[in-house]
Amino acid sequence: MSPLILDTHVDIRWPEPPDWRGETAQCVDAPKMRAGGVSATVFIAYVPQGPRDHAGHNAAAARAEAMLRHISARAEREQARFCATPDALEAAHGARLLGVLSAVENGYAMGRDLGRIAHWRELGAIYLTLTHDGHNDLADSARPKPKLGDGAEEHGGLSPLGRAALAEMNRVGLMADLSHVSKKGMLEAVQRSRVPVAVTHTACAALCQHPRNLDDEQLDALRAHGGIAQITAVPSFLHAAPPNGAAQADVARLVDHVEHAVRRIGLDHVGISSDFDGGGGVHGWSDAGQTDNVTAELQRRGYGEREIALLWSGNFLRVWRQVLRGAG
Ligand SMILES: [Zn+2]
């Protein structure tokens, strides 16, 4: 059996998502997953940051729910299965079915209603990214949005509501994703969470200074609390942009970041994601059909079958199981 290759962060087009069962203009669809040997994808119900009032929160919640329902329906009438647990994902892989998973990006979609967390989990979501770009009612963002009136900091980490949301996520078994969260908020959430946390799409600040990246202190905190950093294929996180140019990166550079994290906190705390259709894509891994190139680069650098399986899904599944076991 080939290893379970899980991509933990992929956006979808919204509204009007194309039929993923056939070839699309997206980086990820069912034919590309098969071509690249991708076993499963976490598709994201992404909600852009908007006005933090009743109408804004209601619209955001409605969008998140519609996207989650669309994602789970992707597994119908296709050689695919919607997976809301690690066991279901492993069974789908064993049966050679594509795994379809879902998550919510931006706690803004919760508004101030903690009940939405259990509801999303009931709909099958596996994680919630606490913020996106711009502070929300739960936490400060690593990238404030001055256009929305953001200063550098609003809560100094998590807000009281953010702390309550984290406790509720722990209770219902919804993994906390700390991508996009400010350094203070991320470190606070790592400490407070009763179970390990994930950072599903990030890279290493030691190799590329970027507000979305984790510095070594943050990586160390993840290791100390059993969490995981999923290194992602966003060029500007991997390589500083040249003056007057766009950042460029290739698979080797992505794996440089993987190796930095592995050296710093150990192989058990590192994974890989693409952020395809949300800004991800590097030379050699520009869509799901080229995923074999990442595995080949890991092999070239001496990673064995066991290590590669851990990086592609084993570590993430371990964290996910700890989150589910800790629930209740
Ligand atoms: Zn994101």
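Whatever order the structure lists ligands and atoms in, that order sets their numbers, starting from 1. Remember, it's a predicted structure, so these values are computed and weren't measured experimentally.
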Enquirer: Stepwise, does the side chain to side chain donor-acceptor pair (under 3.5 Å) test hold for Asp216 with His260?
Expert: CA-CA 10 Å; Asp216 287 344; His260 173 81; 2.8 Å; yes
Enquirer: Provide the protein N, O or S atoms situated under 2.8 Å from the Zn ion (ligand 1); waters are not included.
Expert: Glu105 OE2, His180 NE2, His201 NE2
Enquirer: Indicate the atoms forming the closest heavy-atom contact of Gly227 with Val319, along with that distance.
Expert: C-CG2, 4.4 Å
Enquirer: Looking at Arg21 and Asp29, is there a salt bridge between them, counting it only when a charged N and a carboxylate O are closer than 4.0 Å?
Expert: no
Enquirer: Give me the ring orientation class for Trp312 and Trp285: parallel if the planes are under 30° apart, tilted from 30 to 60°, perpendicular past 60°.
Expert: perpendicular
Enquirer: Out of Asp177, Thr232, Asp7, which one pairs with Thr200 under the side chain to side chain donor-acceptor pair (under 3.5 Å) rule?
Expert: Asp177
Enquirer: Do the charged groups of Lys184 and Glu217 touch, with an N to O distance under 4.0 Å?
Expert: no
